[in-house]
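Report on the structure given below.
What you are looking at is a predicted structure, and each value in this text was computed from that prediction instead of being measured.
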Amino acid sequence: MTHLLIYTNRTSERLTYIFDFILTELLGLSYELTSDQEQFSDYKEPKFSYATMAVGYEPFFESTPLLFEKDIHPQPINFSEYEHLMGFYPVSDRSLIPFDIFASAFFMITRYEEYLPGKKDKYDRYRGSQSMSSKGGHLEKPMIDYYALALKKILKAQYPALQFRPNPFEYILTFDVDMAFSYLHKDTRTNLGGFARSIILSEFGDFKDRFLVLLRQKRDPYDTYDYIYEIAEKHDLKTRFFFLLGDKSKFDKNVSYKIPAFREIVKMVSEKSETGIHLSFKSHVSNELMVKEIERLQEIGGNKVSANRFHYLRYQIPSSYSRLIKVGITEDHSMGYAGRVGFRAGTGSPYSFFNLKHNVRTPLRIYPFAFMDATFVHYRRNNPNESLEKIRELMNYVKETGGPFVGLWHNSSFTENKDYKGWRKIFETVAEEAAELMKES
């Protein structure tokens, strides 16, 4: 690990947090900070300054106030573009990049804007359309990861011997099990209602499928686990499943966690994949609900539960994350939008959550995802070909920057029925193409 010396007028928790992420986690560099101009001038190894003025002729990146503040307040966002990069804090032409990449990265990765007042959607979620990344037109690019590449290019040109850690591309499959079964293990009233709805809507194929499944003459359409593993194993892809174990409600429609067939699925998957809890619709405001659902998964799967993804991607920053920490969750995989694809936090790489209210780095690791299948079907209303092209575009961005490319899928998306007709082909094509990209990394 190559050691850098960085001159800065002063330091802060915010500054070291974002330097740790970009320099150490993304680029594999170690660094030391100094405010001693003489020490910095005398240093003969790789160095740069992040300050209001350059010390000498070193690589210089002009700083803005954000990383040295301690409060939270509306930010003076002014978009600035440099080559293919977009940032929020313009600086003078003395700086090698005409905006503050470290402040811009911090703003995105901490979700600073989500601490400020804003209009929520009907599920009380932050709207992706309100984000500065969306307004700047770069939500679909992992912009912080591109910042790291730009910094690497600048430092490599100045210090050719500087060694950077490789950051290979990796495709990771994640699945939310909102409903383990479509027809099986539902109460009589639910199935009778389903039959009636099929007749009213003239959906006679659904009527027949439900009938055959209930007679055990056909597999339940949501029982796609063997298929998922067949594709994952064929291309040597990692899988992670998140199980919804909340009590039944309008928005939590899984079968009871007490159903033996469901428990068998959870046990089987827990033996083959990493698993996590899919915390229910109202859990993000209740430690009690979180604990109850986590304990259910631990009892069934037999493993300690350390990872979560919120159902409906419904959570509030920072309160929901603070609750996760209190109940022992160390990973959250909810960082993305239901209605938009792209990179909500500006990166596709995992990172430590920074709580702006307390101005402190926390032990909770955030794992972003780049796209969700339901986004294309229920929000964007894309056809399969359009969806595949957008996934490819996102995937190529991550291939360019390196790091994990995470897809959020559902076991219920491979039925080849109704809205999801053609989605097995998308799933298989993305897996195949991603596997080839992984071989190239």
Side-chain angles (χ1 to χ4, degrees), residues 25-26 28 140-142 144-146 148-149 164-177 222-242 268-276 307 309 331 333 335-336 341-343 347-351 365-377 380 382-416 420-441:
E25 295 193 41
L26 294 184
E140 295 180 2
K141 292 185 176 182
I144 298 174
D145 304 336
Y146 277 111
L149 283 186
F164 298 86
R165 184 183 59 236
N167 193 21
F169 171 87
E170 180 183 20
Y171 179 44
I172 301 173
L173 299 169
T174 70
F175 302 89
D176 289 355
V177 183
Y222 289 0
D223 183 0
T224 57
Y225 312 99
D226 289 345
Y227 165 73
I228 288 169
Y229 279 121
E230 177 188 345
I231 302 304
E233 290 167 6
K234 178 181 179 180
H235 298 291
D236 195 25
L237 300 174
K238 292 180 182 178
T239 57
R240 186 190 285 267
F241 287 76
F242 296 89
M268 179 273 291
V269 170
S270 296
E271 291 173 356
K272 301 180 73 171
S273 301
E274 294 185 22
T275 57
R309 181 180 282 140
E331 299 179 9
H333 296 251
M335 186 52 68
V341 299
F343 303 89
T347 180
S349 298
Y351 61 92
R365 293 287 287 179
I366 307 301
Y367 290 75
F369 63 88
F371 70 90
M372 177 174 68
D373 50 12
T375 304
F376 295 105
V377 174
R380 292 171 60 105
N382 292 137
N383 64 43
N385 288 335
E386 291 169 336
S387 302
L388 178 57
E389 286 308 307
K390 178 56 68 175
I391 293 172
R392 282 173 169 154
E393 182 181 308
L394 295 166
M395 184 162 61
N396 286 328
Y397 289 145
V398 178
K399 175 61 169 64
E400 190 172 14
T401 61
F405 178 60
V406 181
L408 193 171
W409 303 88
H410 293 79
N411 62 299
S412 54
S413 299
F414 308 118
T415 61
E416 288 298 298
Y420 284 94
K421 191 167 185 61
W423 274 82
R424 284 201 176 207
K425 180 63 175 177
I426 293 176
F427 182 64
E428 293 165 17
T429 301
V430 173
E432 180 179 358
E433 293 180 4
E436 289 301 312
L437 293 178
M438 289 169 63
K439 292 176 184 176
E440 297 172 8
S441 293

What's the shortest heavy-atom distance between [X] and [Y], and which atoms?
X	Y	result
I228	N411	CD1-CA, 4.3 Å
S349	T347	N-OG1, 3.0 Å
M438	D236	CE-O, 4.4 Å
A232	L173	CB-CD1, 3.9 Å

Kindly write out the residues that satisfy salt bridge (Lys or Arg N to Asp or Glu O under 4.0 Å) with [X], not counting sequence neighbours, or none if the list is empty.
X	answer
K421	none
E428	none
D145	none
E389	R392

Are [X] and [Y] close enough that some pair of their side-chain heavy atoms sits under 4.5 Å apart?
X	Y	value
K390	N382	no
L408	R309	yes
I231	H235	yes
N396	E393	no
F376	V341	yes
L394	F343	yes
S270	F241	no

Using the salt bridge (Lys or Arg N to Asp or Glu O under 4.0 Å) rule, take R380 and E386 through it: C-alpha gap first, then chi angles, then the decisive distance, then the call. CA-CA 10 Å; R380 292 171 60 105; E386 291 169 336; over 6 Å; no

Check side-chain hydrogen bond (donor to acceptor under 3.5 Å, both in side chains) between [X] and all other residues, then give those that pass, not counting sequence neighbours.
X	answer
S387	none
S273	Y229, T239
E274	R240

I need the W423 CH2 to I426 CD1 distance, nearest 0.5 Å.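 That separation rounds to 4.0 Å.
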
Can you list the residues that meet the side chain to side chain contact (heavy atoms under 4.5 Å, CB included) rule with P350, with sequence neighbours excluded?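 P350 satisfies side chain to side chain contact (heavy atoms under 4.5 Å, CB included) with R365, Y367, P404 once adjacent residues are dropped.
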
Report the residues that fulfil side chain to side chain contact (heavy atoms under 4.5 Å, CB included) with S412, sequence neighbours left out, ordered by chain and then residue number.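 Applying side chain to side chain contact (heavy atoms under 4.5 Å, CB included) to S412 gives Y222, H410.
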
Would you please name every residue forming a ring-ring contact (aromatic ring centres under 6.0 Å, His included) with F369, sequence neighbours left out?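 None.
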
Set of residues satisfying ring-ring contact (aromatic ring centres under 6.0 Å, His included) with respect to F371, sequence neighbours excluded: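 Partners of F371 by the ring-ring contact (aromatic ring centres under 6.0 Å, His included) criterion, ordered by chain and then number, come out as F405, W409.
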
So which of Y420, F427, Y225 actually passes ring-ring contact (aromatic ring centres under 6.0 Å, His included) with F414?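 Of the listed residues Y420, F427, Y225, the ring-ring contact (aromatic ring centres under 6.0 Å, His included) partner of F414 is F427.
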
Side chain S441, main chain F169, donor-acceptor under 3.5 Å: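 Confirmed, S441 side chain pairs with F169 backbone.
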
Backbone N/O of E25 and side chain of R165: donor-acceptor pair under 3.5 Å: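 Flag set: sc R165 to bb E25 pair under 3.5 Å.
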
Salt bridge (Lys or Arg N to Asp or Glu O under 4.0 Å): pairs with one or both residues in residues 399-416, sequence neighbours excluded: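 Found none.
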
